[in-house]
Amino acid sequence: MDTSEKLDLVLRPPTEELLIKDDLKRMFDEGRKIEHYIGFEISGFIHLGTGLVAGSKIADFQKADINCRVFLADWHAWINNKLGGDIETIKRIAVGYFKEGMATSIEVMGGDPKNVEFVLGSDLYEEKPEYWTTVINVSKNLTLARVRKSITIMGRQKQEEVNFAQLIYPPMQVADIFAQEITLAHSGIDQRKAHVIAREVAPKIGREKPVAIHHKLLLGLTQPPIWPVEKDKLKEMLSQMKMSKSVPKSAVFIHDSPEDIMDKIKQAFCPAKNVEFNPVLDWANTLIFRGGEAELEISRPEKYGGNLVFYDYESLSREFESGNLHPLDLKKSVAEKIVQLLEPARDKFNRPKYTRMLEELMEIKITR
RNA sequence: CCCGACGUAGUCUAGUCUGGCCAGGGCAGUGGACUGUAGAUCCACGAAUCGCCGGUUCAAAUCCGGCCGUCGGGACCA
């Protein structure tokens with residue numbers, strides 16, 4: 001496979017930006033093995049925005065002959081008080097649930113989880129005491145203001161409610177990249193600030209600049225807080241529109257039952273003829289077509305025009321925009337497709353070993 | 001440690017000075033109506049140990065005392 005084919009894979013949707021394409025091109029040309037990483041805070045259930053979107057990119061990277069690694073950020077989750085803020089619980093869930101969930105997600109999107117390395121944060125820090133030197137080195141090259149600004153990446157808008165540990169988070173996130181000698185840092189677009197810091201700080205502390213790649217965030221199923229969306233405030237709007245665990249109806253989880261999936265998608269915000277900021281179309285585009293070819297069958301009664309098949313997103317969205325495709329028919333077929341897609345995940349999490357863990361996770365969510 | 005402001009449903013908040021109708025409202029939520037989806041709209045509904053403990057009183061979210069917590073300021077800096 002030549003460099004341009006590899007770049008195509010890397011840039012394939014849902015990639016939103018690549019910093020910087022030429023840097024990556026050079027690495028490919030030099031024939032270097034590229035070391036990829038994506039970090040996840042260990043919080044509640046894995047939703048499609050985490051599992052499938054990241055999973056789809058990992059699958060692409062593997063096809064481009066990149067070494068992939070998933071970083072289970074237990075300390076970061078601890079700092080952000082996830083799972084009741086208990087580090088032992090977080091570690092257990094990280095290895096027992098999160099790793100397994102991500103592995104299945106990668107598989108579902110066409111990747112090979114056996115060739116993905118899973119690294120638990122605590123293990124890395126134990127094995128490499130010099131990690132903390134890197135944290136300090138990174139910190140010495142950052143101002144307090146810079147760190148504060150980058151904190152918004154952690155999905156909070158109110159910057160008042162940050163404690164001191166949360167200020168250590170960004171330098172740690174950057175140090176994670178250096179400690180693992182990552183050349184391709186990957187995350188959702190919401191985490192770009194940390195990666196930009198990594199790229200800026202790298203030369204100052206004698207490290208190689210990592211290439212950074214960010215995928216777009218899957219839209220949540222609920223109506224955006226402001227509708228119609230104000231385009232001039234798009235940036236902040238987007239972060240409010242993304243799928244979120246804290247808005248249960250906005251998210252489908254990888255282990256959801258077919259009934260749950262159908263139910264949630266049926267209840268989704270989906271204005272007829274509107275192709276912008278339409279979560280159901282967004283899911284079809286991001287999870288099913290992915291900028292290429294796939295098959296989406298729409299079955300509908302004769303009185304509404306009979307069955308349809310789409311092979312690419314453009315024709316689907318054109319048909320929807322014209323009004324010939326009714327939202328409910330779209331919803332049903334997208335839901336069915338996702339149900340199909342997630343079958344391996346359900347199989348896995350229906351095993352007793354995992355159902356117990358799911359129950360425990362549920363408990364933690366409730367009691368917290 | 002000192003001074004000040006604050007603490008009412010998931011969230012924001014009215015009421016506190018001048019004790020007394022079942023602690024009121026917005027948003028969120030739930031159910032229904034209407035659209036072949038959702039939303040919008042309309043109707044209905046659920047939800048609060050009024051930070052905690054004690055006191056005064058026939059009666060306390062409201063007054064008094066103590067404690068806890070959040071925020072701001074000050075002091076301490078040998």
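FYI, side chains are in, hydrogens and waters are out, and symmetry mates aren't considered; it's all heavy atoms of this structure. Numbered from 1 within each chain, the chains take letters A, B, ... in sequence-line order.
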Whether [Y] and [X] form a salt bridge (side-chain N of Lys/Arg under 4.0 Å from carboxylate O of Asp/Glu) is what I want to check.
{"X": "Asp74(A)", "Y": "Lys91(A)", "result": "no"}
{"X": "Glu16(A)", "Y": "Lys216(A)", "result": "no"}
{"X": "Lys348(A)", "Y": "Glu107(A)", "result": "no"}
{"X": "Lys209(A)", "Y": "Asp23(A)", "result": "no"}
{"X": "Glu41(A)", "Y": "Lys82(A)", "result": "yes"}

Checklist entry - What residues form a ring pair (Phe, Tyr, Trp, His ring centres under 6.0 Å) with Phe178(A), not counting sequence neighbours? => result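 For Phe178(A) there are no ring pair (Phe, Tyr, Trp, His ring centres under 6.0 Å) partners, ignoring immediate neighbours.
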Checklist entry - Among all residues two or more places apart in sequence or in another chain, which pass the ring pair (Phe, Tyr, Trp, His ring centres under 6.0 Å) test with Phe118(A)? => result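 Not a single residue meets the ring pair (Phe, Tyr, Trp, His ring centres under 6.0 Å) criterion with Phe118(A).
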Item to check | Near-strand residues of residues 298-319 of chain A, defined as heavy-atom separation under 4.0 angstrom from RNA chain B | outcome: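 Hits under 4.0 Å, by residue number: Tyr304(A).
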For [N] versus [M], give the span between their [atom1] atoms, rounded off to a whole number of Å.
{"N": "rA9(B)", "M": "rA48(B)", "atom1": "P", "result": "10 Å"}
{"N": "rU62(B)", "M": "rU18(B)", "atom1": "P", "result": "14 Å"}
{"N": "rA59(B)", "M": "rG72(B)", "atom1": "C1'", "result": "37 Å"}
{"N": "rG55(B)", "M": "rA47(B)", "atom1": "P", "result": "30 Å"}
{"N": "rG51(B)", "M": "rA33(B)", "atom1": "C1'", "result": "42 Å"}
{"N": "rC53(B)", "M": "rA60(B)", "atom1": "C1'", "result": "15 Å"}

Checklist entry - According to the interplanar angle, ranging from 0 to 90°, do the rings of Trp78(A) and Trp75(A) count as parallel (below 30°), tilted (30 to 60°) or perpendicular (above 60°)? => result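 Aromatic pair Trp78(A)/Trp75(A) classed perpendicular.
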Can you pull every protein N or O that's under 3.5 Å from an N or O on nucleotides 32-34 of chain B?
none

Checklist entry - Taking His186(A) as the fixed residue, which of Phe71(A), Phe40(A), Phe61(A) is the one that meets the ring pair (Phe, Tyr, Trp, His ring centres under 6.0 Å) rule? => result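 Running ring pair (Phe, Tyr, Trp, His ring centres under 6.0 Å) over Phe71(A), Phe40(A), Phe61(A) with His186(A) returns exactly one hit, Phe61(A).
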Checklist outcome for this item: Base-pair string, RNA chain B, Watson-Crick plus G-U, cut-off 3.5 Å on both distances, | for inter-strand, is (((((((..((((......[...)))).(((((.......))))).....(((((..]....))))))))))))....
Next on the checklist: For Tyr97(A) together with Phe349(A), are the ring centres under 6.0 Å from each other?
Outcome noted: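 Yes; Tyr97(A) has its ring centre under 6.0 Å from that of Phe349(A).
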Next on the checklist: Can you tell me which residue among His195(A), Lys57(A), Gln191(A) is in a side chain to side chain donor-acceptor pair (under 3.5 Å) with His214(A)?
Outcome noted: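 Single side chain to side chain donor-acceptor pair (under 3.5 Å) partner of His214(A) among His195(A), Lys57(A), Gln191(A): His195(A).
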Could you go over nucleotides 37-39 of chain B and give all protein N or O partners under 3.5 Å, atom names and distances?
| from | atom 1 | to | atom 2 | distance (Å) |
| --- | --- | --- | --- | --- |
| rU37(B) | O2' | Lys266(A) | O | 2.8 |
| rU37(B) | O2' | Lys331(A) | NZ | 3.1 |
| rU37(B) | O2 | Lys331(A) | NZ | 2.6 |
| rU37(B) | N3 | Cys270(A) | O | 2.6 |
| rU37(B) | O4 | Cys270(A) | O | 3.2 |
| rU37(B) | O4 | Ala272(A) | N | 3.2 |
| rA38(B) | O4' | Ala268(A) | O | 3.2 |
| rA38(B) | O4' | Lys331(A) | NZ | 3.0 |
| rA38(B) | O2' | Gln267(A) | O | 2.9 |
| rA38(B) | O2' | Ala268(A) | O | 2.9 |
| rA38(B) | O2' | Phe269(A) | N | 3.2 |
| rA38(B) | N3 | Cys270(A) | N | 3.2 |
| rG39(B) | O3' | Gln223(A) | OE1 | 3.0 |
| rG39(B) | O2' | Gln223(A) | OE1 | 2.7 |
| rG39(B) | O2' | Gln223(A) | NE2 | 2.7 |

